[in-house]
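Note sheet for the following structure.
Predicted model, so just to flag it, every value in this text is computed and none were measured.
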Amino acid sequence: MLLSTLVSLIYKDGVTFQLLLASLLTLALGGFAMFYTRFHTKEMNKREGYIVVAFGWVIMTLSGTLPYMFTESIPSFANAFFETMSGYTTTGATILNDIEVIPKGVLFWRSLTHWIGGMGIIVLAIAILPLLGIGGMQLFAAEAPGPSTDKLHPRITDTAKRLWLIYFGYTAAETILLKLAGMSFFDAINHAMSTLSTGGFSTKNASLAYWNGQPLIQYIVILFMFLAGTNFVLSYFAFKGKVQKIIKDEEFKLYFKFIVIFSLIAAAEIYFRADVSLSSVDHPMIYGEAESAIRHGLFQVISVITTTGFISADYTMWTPFLIVFFFGLMFLGGSAGSTSGGVKVVRHLIMIKNGFLEFKRTLHPNAIVPVRYNSKAISGDIVFNILAFFILYMLSFIVGALVFSMFEIDFQSAVGLSASSLGNIGPALGLFGPVNNYSALPILAQWWASFLMLIGRLELFTVLILFTPFFWRNR
């Protein structure tokens, strides 16, 4: 918030005092909490881990509403909470009708919520969730950089230092490249923070479609969306020169194949059947139909798979096939250990492998046929955990859509909202499609969407376990 105050001061946007007040209030509350608990132990058990993760996200969101409310950029608390939750969970859904009139200091804070939330998710996925045994994330306990330990604190500290450096480096690199490609410095740093967090907040109402006349900008964003959707541990290995680990990683290979195949399908459909000029915002196609189809197809596929949610065009205006196609991609997600949301590629990989092995087990009931990942046998517990996660994810999606429909939201919009909120994607379908915002969503529906964003971002179990009676029983 203090950084946002500095930005406000530099650009003289008239809200410097309000942002400073929000900063000092947050600092005072945090300082009091730290002083009050200064003698607490820094080691946590599993139960405390769940509580810290879930309530930590909610408390961050509550404090994050202050800049919006103090500057009156978003005077309604419910709207401000939705926008902040959307930021921290890197969903990118917005209730703002006109982003470009918002003071620059507030816009910078808005992008910062993405950036902070994105890094929090990486540390969560690589350092904390494996130790809590969440959703099959134990797979990464051995892969994460840093010493292996059963105590959360030393592991997080050691891992986070390395990951923060990579995350910051990528953000700086993208900022420089976007500035050189023609963006203003303010737009460049905001979009870099949104890209690396796979968030999707933009400083323009038209999102990346604003730069449809400058393909280089969109290609730079495509590259960094791809990197942000890749397990950050692989980036660590790349910088250490361990390229073989990346090449042999099964999840990365499948993630790359998904993007290539789905982009080719989308590009072919756009080229032969869709009229991109109808769905592009303000800018005509000036680089040829083939290039435009490939760029828009690649951009939108990576944007949805990595759950970034940037748009280069309104894909719901293309063809019915592509509407269903992109809806399906909302359930894919990027790599585990990345900033992307969704189910994650590795879970799909394990479920597919286990599905094929069921045929073998049917033919040879006495054979022991383990699921293998990266040439290592996976324990049955992890496979069951992943299957349970997927079932819970689909049930959450169905219940989410049902609740939205109770607010008299049509079918297409309701299922789109549920998939988008749970997968932390941003753009949905129907009334809440790529070129629309969430301002028309009823207040109670906004609270429900915020809840779905939270449970989707924190891997379901982390939050939902708090609603079980046995969690609160004395040991």
Side-chain angles (χ1 to χ4, degrees), residues 15 18 22 25-26 54-103 106-107 109-111 113-114 117 199-202 205 307 309 330 341 396-458 460 463-464 466-467:
V15 294
Q18 292 94 319
L25 180 58
T26 306
F55 283 98
W57 230 264
V58 174
I59 291 166
M60 279 210 315
T61 305
L62 289 170
S63 66
T65 62
L66 297 178
Y68 296 125
M69 298 189 71
F70 283 9
T71 61
E72 296 186 347
S73 301
I74 307 176
S76 161
F77 174 70
N79 288 351
F81 187 89
F82 178 90
E83 196 80 11
T84 312
M85 182 63 81
S86 178
Y88 277 131
T89 58
T90 71
T91 303
T94 182
I95 51 85
L96 295 172
N97 284 310
D98 191 352
I99 298 163
E100 293 169 36
V101 300
I102 301 295
V106 178
L107 282 181
W109 168 247
R110 188 167 168 264
S111 300
T113 57
H114 266 351
F201 278 157
S202 176
N205 293 324
T307 73
M330 289 181 181
S396 300
F397 160 68
I398 293 165
V399 173
L402 278 171
V403 173
F404 281 125
S405 69
M406 289 168 63
F407 298 101
E408 298 186 357
I409 295 169
D410 68 272
F411 173 77
Q412 189 182 44
S413 301
V415 295
L417 277 169
S418 187
S420 180
S421 300
L422 195 60
N424 307 120
I425 294 154
L429 301 174
L431 298 172
F432 307 96
V435 295
N436 301 320
N437 57 49
Y438 284 55
S439 60
L441 201 61
I443 295 296
L444 287 175
Q446 286 183 24
W447 286 107
W448 179 244
S450 297
F451 176 71
L452 289 179
M453 289 177 205
L454 182 67
I455 65 169
R457 183 77 282 187
L458 300 185
L460 301 182
V463 179
L464 296 180
L466 301 180
F467 293 93

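S73 and V106 make their closest contact through OG-CG2, 3.6 Å (heavy atoms, listed as atom of the first residue, atom of the second, distance). For the pair P434 and P427, the tightest heavy-atom approach, listed with the atom from each and the gap, is CA-CB, 3.8 Å. Pairing each heavy atom of N97 with each of S439, the nearest pair is OD1-OG, 3.0 Å. The shortest heavy-atom contact between P67 and A22 is N-CB, 4.0 Å. Contact detail for W109 and G64: the closest heavy-atom pair is NE1-O, 3.1 Å. A pairwise comparison of heavy atoms in N437 and F432 identifies O-CD2, 3.5 Å as the closest pair.
For E72, the CD atom sits in a loose shell: 12 or fewer heavy atoms of surrounding residues, nucleotides or ligands are nearer than 6.0 Å. The neighbour count for F77 CZ, taken as heavy atoms of other residues, nucleotides or ligands under 6.0 Å away, is above 12.
Among N424, L422, V399, T89, the single residue meeting the side-chain contact (heavy atoms from CB on, under 4.5 Å) criterion with L452 is L422. With W447 as reference, F81 is the one residue of F82, F81, F407 to meet the ring-ring contact (aromatic ring centres under 6.0 Å, His included) rule.
A 4.5 Å side-chain heavy-atom check between T307 and T90 finds every atom pair outside the cut-off. S418 is listed as a side-chain neighbour of F404, based on a closest heavy-atom distance under 4.5 Å. Annotation: side chain of L431 is not in contact with side chain of N436 (no heavy-atom distance under 4.5 Å). In this structure, L441 and I95 have side chains that are not in contact, with every pair of non-hydrogen atoms separated by 4.5 Å or more. In this structure, the side chains of D98 and N205 come closer than 4.5 Å at one or more pairs of heavy atoms. Looking at V463 and W57, their side chains never come closer than 4.5 Å, going by heavy atoms from C-beta outward.
Put simply, the side chain of R110 gets close to the backbone of S202: a donor and an acceptor are under 3.5 Å apart. Side-chain N or O atoms of S86 include one that pairs as donor or acceptor with a backbone N or O of A93 at under 3.5 Å. Formation of a donor-acceptor pair under 3.5 Å by the S63 side chain with backbone atoms of M60 is found in this model. Here the side chain of S420 pairs no donor or acceptor atom with the backbone of L417 at under 3.5 angstrom. In terms of modelled atom types and a separation under 3.5 Å, the side chain of Y438 and the main chain of G426 share a donor-acceptor contact. Counting only distance, with no hydrogens or angles, the side chain of T94 and the backbone of L96 share a donor-acceptor pair below 3.5 Å.
Distance check, rounded to the nearest 0.5 Å: OG1 of T26 to CG of L66 gives 5.0 Å. Here the CG atom belonging to L466 is positioned 11.5 Å from the CD1 atom belonging to I455, to the nearest 0.5 angstrom. Rounding to the nearest 0.5 Å gives a distance of 8.5 Å between CD1 of I102 and CD of E83.
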Start with the C-alpha distance between F397 and V415, add both sets of side-chain angles, then the distance that settles side chain to side chain contact (heavy atoms under 4.5 Å, CB included), and finish with yes or no. CA-CA 8 Å; F397 160 68; V415 295; 4.1 Å; yes
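Using a 30° and 60° split on the angle between ring planes, F467 and F451 fall in the perpendicular class, above 60°.
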